[in-house]
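Comments concern the structure below.
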Amino acid sequence: MEEKMIAELKAIIQEYADEELPEVTMDTALTAEFGLNSFELFEIICKIEETYSVTIPDRVLMSFSTVGDVVNYLMDATK
């Protein structure tokens, strides 16, 4: 399940990245490694919420720094 979710997140992020993304793992940093600005990150979060039918509270968003943070949240939220 985790690997599938990482692949889905990579596909979502790829829509906003300027170039082909490298390997994405649980430890991949959301902004530093993808070169995303805050507006792009906001759009990605909206797409993630739509894709997984969840609402991510602002207080939780502030804690996301890696792909793993997002995956762990989504796995808990979609149980």
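- Side-chain N or O atoms of Glu2 include none that pairs as donor or acceptor with a backbone N or O of Val71 at under 3.5 Å.
- With rounding to the nearest 0.5 angstrom, the CD atom of Glu43 is 10.0 Å from the CD atom of Glu15.
- Residue Glu3 places its CD atom among 12 or fewer non-hydrogen atoms of other residues, nucleotides or ligands, all under 6.0 Å distant.
- The structure places CG of Leu74 at 9.5 Å from OG1 of Thr51, a figure rounded to the nearest 0.5 Å.
- Summarising the geometry, atom CG belonging to Leu41 is positioned 6.0 Å from atom CG belonging to Leu30; distances are rounded to the nearest 0.5 Å.
- Closest non-hydrogen pair, Glu49 versus Ile56, comes out as OE2-N, 2.7 Å.
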| task | Would you sort out whether Thr78 and Val54 count as a side-chain contact (heavy atoms from CB on, under 4.5 Å), showing the intermediate values? | result | CA-CA 8 Å; Thr78 58; Val54 297; 3.9 Å; yes

| query | Given Leu61 and Phe42, is the side-chain contact (heavy atoms from CB on, under 4.5 Å) satisfied, shown in steps? | reply | CA-CA 9 Å; Leu61 284 176; Phe42 175 76; 5.8 Å; no

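- Heavy-atom minimum distance, Tyr16 versus Glu40: O-OE2, 3.7 Å.
- Within 6.0 Å of the NZ atom in Lys47, the count of heavy atoms belonging to other residues, nucleotides or ligands does not exceed 12.
- Residues Ile44 and Val60 share a single hydrophobic cluster, defined by chaining ILVMFWY side chains whose heavy atoms lie under 4.5 Å apart.
- Using a 4.0 Å cut-off between charged side-chain N and carboxylate O, Glu8 and Lys4 make a salt bridge.
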| request: Show your reasoning for whether side-chain contact (heavy atoms from CB on, under 4.5 Å) applies to Ile48 and Leu9. | output: CA-CA 8 Å; Ile48 290 169; Leu9 291 173; 3.6 Å; yes

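- Note that CG of Asp27 is 10.0 Å distant from OG of Ser65, once rounded to the nearest 0.5 Å.
- Between Met26 and Asn72, some side-chain heavy-atom pair lies under the 4.5 Å cut-off.
- Shown here for Val70 and Phe64, the closest heavy-atom pair between the two residues is CG2-CD1, 3.7 Å.
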| query | So Ile13 and Leu21, side-chain contact (heavy atoms from CB on, under 4.5 Å) or not? Walk me through it. | reply | CA-CA 9 Å; Ile13 295 165; Leu21 295 178; 3.8 Å; yes

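- At least one donor-acceptor pair under 3.5 Å links the side chain of Asp69 to the backbone N or O of Thr66.
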